[in-house]
Colleague: 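Pasting a structure here, questions to come.
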Amino acid sequence: MKMKLKLYLSALACFLAATSCVTVNTSSPTHTFAIGTNDFLIDGRPFQIRCGEIHAARVPREYWRNRLQMARAMGLNTVCAYLFWNQIEPQPGKFDWSGQADVVDFCRIAQQEGLWVILRPGPYSCAEWDGGGLPWWLLKYDDIKLRTSDPRFMEAAKNYLHEVGKQFAPLQITRGGPILMVQVENEYGSYGKDAAYMGEMRKAMLDAGFDVPLFACNPSGDLTNGFRPDLFPVVNFGADPAHGFKALREILPQGPLMCGEFYPGWFDTWGQPHHLGKTPQYLDDLEYMLTNNESFSIYMAHGGTTFGLWSGADRPFKPDTSSYDYDAPISEAGWPTPKFFQTRELFAKHLLPGETLPEPPATNPVISIAPIEVTQCAPIFDNLPKAIEEAAPRAMEKYGQGHGCILYRTTVPAGPAATLEAAAIHDFGFVFLDGQRIGAMDRRNNNFKIELPPREKAATLDILVETVGHVNFGQEVHDRKGVFAPVKLAGKELTGWKIFNLPLDDKMLAHLKFSSATTAGPAFWRATFSVQKPGDTFLDMRPWGKGVVWVNGHCLGRYWDIGPTQTAYLPGCWLHAGKNEIVILDLVGPEKPEIAGLEKPILFELHREKDFAKPQRPVVKLNLDSATPVCTGTFAPGGDVQEIKFTTPPTGKFFCLQSLNAQDGKPYAAVAELDLLGADGKSISHDGWTIGYVDSEERVAEDGSAENAIDGQTSNYWHTEWKNASPDHPHELILNLGTSQTICGFRYVPRQGNGAGLIKDYRIYIGDDLIQK
Ligand code: GLA
């Protein structure tokens, strides 16, 4: 490895020298952009990139200019934008660059507002977006390997990038446009190590007409995976720039240092506390980078809203909220928060000579809407399309559907109470017998079993599947939806199914038959209401259970009464002066069919008691008394990744990390990431891993849930309770690997940034009976 890296590094040096100056031939004023030995250079002069991320898809197009002006006023000189492949190519070969997908226009407006652009076209983008941007239709191939040199993936990805080039190559600085740099893939090092794959993606970008510098981003722990000297590396981190840039310097001995994603907050998942960033640390770290001439991109400068059915799911399966406020400096509705003004103040101290900051633009008017009674109803079971007949259920993608709901119906014979079990349900399966709701199957805790009551006569069994976002991270992006056969009743497979597509698209909504008769079952509800002067508002979804909401045909996103988000952002530009229409799909039924518009969002109100499935960890007992630790040790202080190898690799289904005390002597334990190493010394895939047992996790004041230790993201972490209780060490986190495996070691990523919970002394147990039912 050392020798190979040396070779790479010398090649990198000549690469940087070569691209020191890029000439421009355009109709508009020309500029040059280059990556110098120490600085980024615009027109040959050092340029510190003060960038912030904004997703055009997550902001109503009518508000793009407002948000970009807000970003400029905050002090940014560059905006970073993802493209989402699945939004742009909803069907194979059908490209749609209109409406919210018209990112070309977004870039033009950025340029008009004095902002440069960094483009991140993918093909994979992550971003808590459905499938990380990867199109569902790729999953029609049973064995496709996404984000690899699998020819089916490659062909589709290159075709997409070719289209991207057609749209965006003319916007490069080399042609008078605002685009400085273009990213290849996204955090590929957290997914694979195949540099050749990254090479093919790079070539596809060059073939697509991109001649500005191409770069790759990764978290500090994955920078060497798939590293190529011909892709300029940047590092992603949420805190402690010194630590992140130290890791980057190991593969980039010279050249400007850039943080590709610097997190002021974090994203929310349903049922977990709302994330609030640590502002003092965020400001300190920004000041550090500004002072040390390091460039950065604030992820997110403005999060916005994941409208439609585009919100994704964190792995293993934690569905993301539709609100993408991200506790960003510019709030979901585009308001300047205290963090905005603090950032602006800080940037004002680091401007180039002659550079000034414009005043923030006015925010859009906000209105409230008095409660409206929602009286019209269209039950799902009365609005079914033509059925597809099948012997056994198959995944939703097989029926040409990528999003929404799908109904699987069969007949069950008369008989005694019995267990109904499916191989799996992605994501929620509401079970009905002759239209009566019996219960729900729930992917969050792999619960695909339900008790059916006795039946005097044959009955219609319905499994109404709600799919929420395709998982957007890790191998779990191979996330097919629907009912997975066999489905068994009392152990006997059920055959002869009818499948009904319910894609929740405009076409389906246009055919719904509403009446004033209401129902407690899964249904669409509708009301009209009038507004005198349209303005932004936040629909109060608290009287409703779980589903999706539309206003005037605009899909505002998903809602769920467990929170933390309790409002749906309704941009004023989508309201009419006069008559408006709202449609609400509720899969579990409203407490009260009423809707109102509030002047403020509700982003942090948890109601786990309302959860239709109440996912909880399997109730098990710790069983370490008779176990012998396979290793005991002391972790080094600080945030560095620590790899521990076992002298004699044990085998087991359970892996237990037990903390005995903490570096700071406090009662808390925290872990950002845990990876296990197989016989080949490589990380074992997290596929099928669940949390077998955890003694304590903070889930009130912050999302310290144990899953954070195995979701691949080093910016969130498992943290033992600290709000309502502070149980002391020892603390145990036990991973259930699903099957017994030989483990040669593990990699421990401590909580990043300065925070409590850094473990000091620890023990490791591995075995098949570390927990008991
Ligand atoms: C990663 C990804 C981003 C986003 C953040 C979390 O670093 O690159 O797209 O998912 O995590 O918000």
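The figures that follow rest on heavy atoms only: side chains count, while hydrogens, waters and symmetry mates do not. The shown structure was predicted, so the numbers you read here are calculated from the model rather than taken from an experiment. If you read the sequence from its start, that first residue is 1, and numbering goes on from there. Order of listing sets the numbers, starting from 1, for every ligand and every atom in it.
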Colleague: Within the structure provided, determine whether N292 and F245 are in side-chain contact (heavy-atom separation under 4.5 Å).
Modeller: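 SC-SC contact between N292 and F245 ruled out.
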
Colleague: With D320 as reference, evaluate D268, V468, N472 under the side-chain contact (heavy atoms from CB on, under 4.5 Å) test and give the passing residue.
Modeller: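 In the set D268, V468, N472, the residue that makes a side-chain contact (heavy atoms from CB on, under 4.5 Å) with D320 is N472.
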
Colleague: Might you point out which heavy atoms bring R67 and E332 nearest each other, and give the distance in Å?
Modeller: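 Taking every non-hydrogen atom into account, NH2-O, 4.1 Å.
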
Colleague: Over 60° means perpendicular and under 30° means parallel, so classify the ring planes of F262 and F237, tilted if in between.
Modeller: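 It falls in the perpendicular class, over 60°.
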
Colleague: For atom 5 (C) of ligand 1, which protein heavy atom lies nearest, and how many Å away is it?
Modeller: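 Nearest protein contact, heavy atoms only, for atom 5 (C) of ligand 1 is E261 OE1, 3.7 Å.
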
Colleague: For F267, take its heavy atoms, then give the atoms of ligand 1 lying under 4.0 Å from any of them.
Modeller: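 Counting atoms of ligand 1 from 1, those under 4.0 Å from F267 are 6 (C), 12 (O).
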
Colleague: Could a heavy atom of Y324 be found less than 4.0 Å from some atom of ligand 1?
Modeller: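 Y324 counts as a contact of ligand 1 under the 4.0 Å cut-off.
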
Colleague: Tell me whether A127 has any N or O atom under 3.5 angstrom from an N or O of ligand 1.
Modeller: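 Checking ligand 1 against A127, an N or O pair does fall under 3.5 Å apart.
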
Colleague: Only one of F84, Y324, W85 forms a side-chain contact (heavy atoms from CB on, under 4.5 Å) with W129, so which one is it?
Modeller: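 For W129, the side-chain contact (heavy atoms from CB on, under 4.5 Å) check succeeds only for F84.
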
Colleague: Measuring from the heavy atoms of Y326, does anything fall under 4.0 Å of ligand 1?
Modeller: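 It does, in that a heavy atom of Y326 comes within the 4.0 Å cut-off of ligand 1.
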
Colleague: Suppose we measure from atom 11 (O) of ligand 1 to each protein heavy atom; which comes out shortest, and what is that distance?
Modeller: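 Of the protein heavy atoms, Q713 OE1, 3.3 Å lies nearest.
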
Colleague: Taking 4.0 angstrom as the limit and counting only heavy atoms of E187, give me the atoms of ligand 1 inside it, by number and element.
Modeller: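 Here the atoms of ligand 1 in question are 1 (C), 2 (C), 7 (O), 8 (O).
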
Colleague: Do side-chain atoms of S295 reach the backbone of Q48 as a donor and acceptor pair under 3.5 angstrom?
Modeller: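 No; judged by distance alone, with no hydrogens or angles, the pair does not exist.
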
Colleague: If we set the cut-off at 4.0 Å for heavy atoms, which region of Y82 has an atom near ligand 1: side chain, backbone, both, or neither?
Modeller: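 Looking at Y82 and ligand 1, just side chain atoms fall under 4.0 Å.
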
Colleague: N/O of E128 under 3.5 Å from N/O of ligand 1, yes or no?
Modeller: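 There is such a contact, yes.
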
Colleague: Using ring centroids (six-membered ring only for Trp), state whether F340 and H302 fall under 6.0 Å.
Modeller: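 Between F340 and H302, which both carry aromatic rings, the centre distance is not below 6.0 Å.
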
Colleague: Using a 4.0 Å cut-off to any heavy atom of C126, which atoms of ligand 1 qualify?
Modeller: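 So the answer, numbered in order with elements, is 2 (C), 9 (O), 10 (O).
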
Colleague: N/O of S125 under 3.5 Å from N/O of ligand 1, yes or no?
Modeller: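 In this structure, S125 places an N or O atom under 3.5 Å from an N or O of ligand 1.
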
Colleague: Looking at ligand 1, would W266 count as a contact under a 4.0 Å heavy-atom criterion?
Modeller: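 Within the 4.0 Å threshold, so yes.
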
Colleague: For ligand 1, does N186 get within less than 4.0 Å through its side chain, its backbone, both, or neither, judged by non-hydrogen atoms?
Modeller: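 The answer is the side chain of N186.
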
Colleague: When the ring planes of Y188 and Y197 are compared, do they come out parallel, tilted or perpendicular, using 30° and 60° as the limits?
Modeller: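 Geometry flag for Y197 against Y188: tilted rings.
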
Colleague: Hey, can you tell me if H478 and Y191 have their rings parallel, tilted or perpendicular (30° and 60° cut-offs)?
Modeller: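 Because their plane-to-plane angle is under 30°, the rings of H478 and Y191 count as parallel.
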
